[in-house]
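Before any comments, here is the structure.
Heavy-atom basis, side chains included; hydrogens, waters and symmetry copies ignored. Chain naming here is simple, since letters A, B, ... match the order of the sequence lines and numbering starts at 1 in each.
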Protein chains: 2
Amino acid sequence: MGTHDGAGGGNLAAALVQAAEGLITERGPQGFSLREVARRAGVSEAAPYWHFANKEALLAAVAEAGFSDLAAAMEGMRRRIKDPDRRLREIGVAYVRFAVAHPAHFRIMFGPEIADKAAHPALKEAAKQAFGLLVSVITDARRGGQVRGSGVEEMTVAAWALVHGLSALLIDRQLERHGHSAREVETLARRVTRLLQTGLGPRPAKVRGGG
Amino acid sequence: MGTHDGAGGGNLAAALVQAAEGLITERGPQGFSLREVARRAGVSEAAPYWHFANKEALLAAVAEAGFSDLAAAMEGMRRRIKDPDRRLREIGVAYVRFAVAHPAHFRIMFGPEIADKAAHPALKEAAKQAFGLLVSVITDARRGGQVRGSGVEEMTVAAWALVHGLSALLIDRQLERHGHSAREVETLARRVTRLLQTGLGPRPAKVRGGG
DNA sequence: ACCTGAACACCGTTCAAGT
DNA sequence: ACCTGAACACCGTTCAAGT
């Protein structure tokens with residue numbers, strides 16, 4: 001508000017976002033400071049305030065770029081894979097892969113560093129788009145299947161929660177038993193996503209009527 | 001290390017933890033400061049350092065209390081409910097209920113504020129216990145059912161990821177379409193957890209062989 | 001053993017002042 | 001329009017000094 005907020009003509013804004021991404025990757029959301037970003041960009045500590053309202057606005061720009069990358073990764077999977085069930089799985093895997101590859105981005109995108117997300121509408125929009133992609137893919141996967149009422153909505157929440165939770169647990173080192181290499185992470189994500197599709201229980205009967 | 005770290009005879013340590021819980025609940029992990037905690041406890045800004053090595057150690061104490069409460073809530077459900085499937089569901093619901101009721105605790109417990117969790121072994125221990133509870137409950141629910149290889153381990157990861165992700169998405173206001181009242185949260189958690197048990201897909205066939 | 005006071009090196013943010 | 005310098009009110013942490 002009252003400032004350019006990025007997409008003007010200046011290139012210091014872009015340089016600041018780039019420096020911010022580097023710093024946040026190196027030191028995490030804790031060690032991040034606006035003054036250090038300014039130092040890395042070679043300007044005074046007050047300069048960023050011309051381009052961003054405050055620290056949070058700069059972080060929001062970083063988060064936005066992250067959402068854009070995540071959406072691209074998911075969209076790529078949707079385009080590449082035709083089988084609806086496998087497609088749903090691999091989109092989930094792409095989500096987890098992104099989180100583990102860019103933990104700092106992931107935390108900024110979803111964490112409390114950006115306190116008031118309503119103040120950064122582009123963020124909400126990006127998240128909504130990712131959600132919409134999931135909805136459509138799940139709808140495709142269930143086409144012809146019996147889905148009553150708000151079924152797809154709930155399925156989408158479940159699918160999102162599953163890959164989001166797996167991402168968070170991996171990033172926060174809560175699953176140390178399972179390796180963090182790219183291959184191991186993908187295998188785990190694939191198996192866990194498949195479990196959501198088949199279900200934990202061996203009860204092929206009551207599936208249809210469950211209220 | 002080199003300091004008491006809590007369970008000594010002094011009561012300033014306990015007062016500091018209590019003040020920290022209050023402050024973190026009011027202002028979130030961002031607005032939290034050790035100096036403010038000291039002020040609320042009515043001591044000088046250097047006093048906390050006699051009882052806690054640093055800010056992180058105080059936060060670790062808060063996280064530990066949170067894990068203890070969460071474990072108690074889950075354990076209570078295990079004792080109260082006999083039907084294995086419903087028991088698993090309600091333990092999941094208890095997890096989400098705790099997260100939404102105590103978002104600040106939840107974030108401290110799992111977030112990056114405590115950078116090196118290996119430095120606070122009590123934390124790892126508490127998390128491991130909660131995981132063990134899930135494993136045993138899932139084992140019970142699957143008793144008699146066919147579970148090959150590392151099946152239970154993977155199921156546990158899936159169940160944990162699901163409720164953890166739902167908790168995180170709710171706390172971070174990413175599911176604004178769904179209300180945040182206690183009743184609405186419980187209903188959503190129950191439905192989503194049931195989805196993991198029954199599975200998304202209407203494919204009662206291939207369930208058994210899936211590699 | 002336990003706490004205070006003062007200090008150091010950092011922050012986020014503002015604001016007059018420069019060009 | 002865009003940036004600097006200096007300032008304000010905060011931090012986390014340390015350390016001599018008190019009792």
Is the shortest side-chain N/O distance from S33(B) to OP1 or OP2 of dC11(D) below 4.0 Å? yes
In whole angstroms, how far is the P atom of dC11(D) from the CZ atom of F32(B)? 11 Å
Expressed in angstrom and rounded to an integer, what is the separation of L16(B) atom CG from dG12(D) atom P? 13 Å
Nearest-Å distance for atom pair CZ/P, residues R35(B) and dA9(D): 14 Å
Find the distance Y49(A):OH to dC8(D):C1' and express it as a whole number of Å. 13 Å
Figure out the CD/C1' separation between Q30(B) and dC11(D), and round it to whole Å. 14 Å
Decide, yes or no, whether a salt bridge links R27(A) with E36(A) under the criterion of side-chain N to carboxylate O below 4.0 Å. yes
So, does W50(A) get its side chain near the phosphate of dC3(D), meaning an N or O under 4.0 Å from OP1 or OP2? no
If I take atom CD in residue E45(B) and atom C1' in nucleotide dT14(D), what distance separates them, rounded to the nearest angstrom? 11 Å
Considering only heavy atoms from C-beta outward, does the side chain of R177(A) approach that of E153(B) to under 4.5 Å? yes
To the nearest Å, how far apart are E56(A) CD and dC11(C) P? 19 Å
Rounded to whole Å, the CZ-P distance (R27(A) to dC10(C)) equals 11 Å
Is there a side-chain polar atom (N or O) of R39(B) under 4.0 Å from OP1 or OP2 of dC11(D)? yes
How many angstroms lie between CD in Q129(A) and CG in L70(A), if you round to the nearest 0.5 Å? 11.5 Å
According to a strict under-4.0 Å criterion, is H51(A) in side-chain N/O contact with OP1 or OP2 of dC3(D)? yes
Exceeds 12 heavy-atom contacts within 6.0 angstrom, atom CD of E186(A): yes
